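Everything on this sheet refers to the single structure shown next.
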Amino acid sequence: MASHFCISHSFLFHNHQSFPSSFSSSSSFSLHSFLFSNVTYERFTLLSKASFHHPNNHAPHQEAVSRDPDTNSSSLSKSRFWVNPSRPRAKHIRTKSSSSRYIYLTRLAESLNSCTPTAQHVSTILKGLRDNVSESDAVFILDKMVNSVTAPFVLRYFLDKIKPSGDTETVLFNITLKAFRKSRDFEGAEKLFDEMIQRGVKPDNITFSTLINSARMCSLPNKAVEWFEKLPSFGCEPDAMVYSAMVSAYAQTNNVNMALSLYDRAKAERWTLDASTFSSLIKMHGVLGNYDDSLKIFQEMKALGVKPSVVTYNTLLGGLFRARRSWQAKNIYKEMVTDGVLPDFITYSTLLRIYAAAQYSDGAFGVYEEMKGQGMDLSVDLYNRLLAMCANVGCIDEAVEVFEDMKSSGTCQPNSLSFSSLITVYSCNGMVSEAEGLLNEMVQSGFQPTIYVLTSLVQCYGKAKRTDDVVKIFKQLVDLDIVPDVPFCCCLLNVMTQTPKEELGKIIECIEKANKQLGSVIRYLVEEKEDDGNFRKEISELLNSVDGKVKKPLCNCLIDLCVRLNEPNRARDLLDLGLTLEIYKNLQSRSQNQWSLHLKKLSVGAAMTALNVWINDLSKALESGEDLPPLLGVNTGYGKHKYVSDKGLASVCESHLRELNAPFHEAPDKAGWFLVTKDAAKSWLEYRSSTESIADLNFQVSGGSTLAVQYG
DNA sequence: CTAGGGTTAG
């Protein structure tokens, strides 16, 4: 079959799409310059103009191609020399007549793609070819078809005109199937297959791989499997190409066993799988949450000498995002750059999502600048992720800059979430007038305040000790028919820790309206009622009634309030209750070498309460003759959650330890850890119990655990 | 090279 084709035009039979990407992007060879240099290009331009300016512009295509400009020239198949266009000699061999024939056939295909899909219209256009129709002309035109409605008419015309051999019939049907793939018409492709069988034309592996890939591209991977299973019944034995398509199809359906068994077979038979097949496998493991398996495939791929593509790297990064393994992203990106693979929009946006989610602000802003530098437009979602990160880590100036960039981007405008995030930034920093100003702008832009915005404003006014404005916001919430949620209530509780005693009543009234159960608990606390045993029960019921995600923030707020009301024993009871209900887990741990206290994700009040409990437990251990391990440590985390308190948990903990004269020191190599050796701890604990000094919970509870609730 | 290859983030 191949010998029939004019090899000098083998490249012409392909559009750009069907070229391997490495080829079309490489500077050593350009199809475009090959086709459209000098004479060819001028001719093409003239033809385009002629058709464009034709007075009967209702059917310019038909007019432009109605006559074969090269009737006497040989058909494409007749010139029989092999030309490698990447070699300089190629350009001498191109002839004027073959170029114009190419252009003529191209324009014929174009008009076929846009004509009325009837046998009559199709044959009218194809009559321009006269009787001068070769198999290769048919192949060329069919290959250019993108319209799956017209393509079968074109096919039937050629079958009728050429009366080809059985093998050639298969070829022509296969090429026509590609038009269905291009227009994502899988049902049509199946119908064409039926027609093929009815005419007694034998399908081959190319038929099946085209069908399988069509099914995949139409998001019908199950259809791909179905056709793969049908293949033997048509007397075909699948080859490397079919297996390759099927590895991807099985991967797409998350059928790990089948995908991997075909993959193993490919390796055993030494079939070359390309980067995209590997990418499918990498993605399969990634979406199933098995990033390590993704990485294994990636390593195998490199070991087999297959060069990872941008898609491969993007897929890996996607897996990292899903698995929340932000710390590995930088290395993958580095490897990509070292490998000479150019990052694209998806690379950057995935990196940005990873970094923003991990609150790695330097990384996120770095990617942001890189994208801007490359002239890439960020989506609303990406801007919002940046803004949300700013709110979490406390970047004020950067947040304002991102917001302004967004407004002047010309491609997207801030939405409700964008406003909400920046209002949060202002509120957390007590920037009342800025927050109010932005709220106005938000409303003027047509967005209603959301519960998130109102929560932030409560926070903002609470910080500014403007109790009446807090109440005003609560009224607004009620007027907007928004149901107060637990984070909102937590925010009110948090405001209470900053409100002068004489004004507490105003906030409590809001809480009672927002959540009756919580209101009664708060009354209990504030009015310093004696615990008649119902208190613990009531709080248990409250904590059990709320959603799992907000149990800890609520418990944190309640403990903070106890501390603020100078009720350390109640704070302890609540911490104990939190442990019983498994709201707090593994606060203390003991290994042979080290005993530790883990304070991450606790509010300041809860953390200091837990610290005091731990110190007491250490004293008890000593008193009962237990031996201490070589090292004792407190882990506060190096939290970037700036708003958990003004100073951050680490520094509050540090100053509290200093007040207790506890000889802990910040670990130089482990951020967020305060350590003490056995001997130092021992002498301090012994001295402490001898003086019976009971540490005051004399520390400040301020800032907002609310934000940890909203975004934590 | 021959009529067969796409894939990637929320």
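None of these values were measured; they are calculated from a predicted model.
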For the side chain of [X], starting at C-beta, report the closest nucleotide among [options].
X	options	answer
A/T210	B/dT8, B/dG4, B/dT7	B/dG4
A/M241	B/dA9, B/dG4, B/dT7	B/dG4
A/R353	B/dT7, B/dA9, B/dA3	B/dA9
A/S244	B/dG10, B/dG5, B/dT8	B/dG5
A/V171	B/dA9, B/dT7, B/dA3	B/dA3
A/R216	B/dA3, B/dT8, B/dT7	B/dT7
A/S276	B/dA3, B/dA9, B/dT7	B/dT7

Checklist entry - Rounding to the closest angstrom, what is the interatomic distance between B/dG5 and B/dC1 at atom C1'? => result 16 Å
Item to check | Interatomic distance at P, B/dA3 relative to B/dT7, whole Å | outcome: 23 Å
Item to check | Set of side-chain contact (heavy atoms from CB on, under 4.5 Å) partners for A/N254, sequence neighbours left out | outcome: A/M284, A/V287, A/L288
Checklist entry - Under 6.0 Å between the ring centres of A/F419 and A/Y452? => result no
Checklist entry - Should the heavy atoms of other residues, nucleotides or ligands under 6.0 Å from NZ of A/K267 be counted, would the total exceed 12? => result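 More than 12 heavy atoms, drawn from other residues, nucleotides or ligands, come within 6.0 Å of this atom.
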Taking [atom1] from [X] and [atom2] from [N], how many angstroms apart are they, rounded to a whole number?
X	N	atom1	atom2	answer
A/Y263	B/dT7	OH	P	20 Å
A/L142	B/dG4	CG	P	12 Å
A/D344	B/dT7	CG	C1'	12 Å
A/W271	B/dG4	CH2	C1'	15 Å

Next on the checklist: Should the side chain of A/D239 and the base of B/dG4 be counted as holding a donor-acceptor pair, with the cut-off at 3.5 Å?
Outcome noted: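 Yes, a donor-acceptor pair under 3.5 Å.
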Checklist entry - Are side-chain heavy atoms of A/N205 and A/L231 found at a separation under 4.5 Å? => result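 SC-SC contact between A/N205 and A/L231 confirmed.
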Next on the checklist: Applying salt bridge (charged side-chain N to carboxylate O under 4.0 Å, His left out) to A/E190 and A/K223, what does each step give before you reach the verdict?
Outcome noted: CA-CA 10 Å; A/E190 284 183 320; A/K223 278 279 179 190; 3.2 Å; yes
Checklist entry - Which ones in residues 315-325 of chain A lie close to DNA chain B, meaning a heavy atom under 4.0 Å from one of its atoms? => result A/T315, A/G318, A/F321, A/R322
Checklist outcome for this item: Numerically ordered, the residues 281-307 of chain A set in heavy-atom contact under 4.0 Å with DNA chain B is A/K283
Checklist entry - Between A/N290 (side chain) and A/D292 (backbone), is there a donor-acceptor pair under 3.5 Å? => result no
Item to check | Aromatic ring pairing A/Y383/A/Y368, orientation class (parallel under 30°, perpendicular over 60°, tilted between) | outcome: perpendicular
Next on the checklist: Angle between ring planes, A/W227 versus A/F186, binned at 30° and 60°: parallel, tilted or perpendicular?
Outcome noted: perpendicular
Checklist entry - Can the positive tip of A/K144 be found less than 6.0 Å from the middle of the six-membered ring of A/F140, inside 45° of the ring normal? => result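 Judged by the rule, A/K144 and A/F140 form a cation-pi pair.
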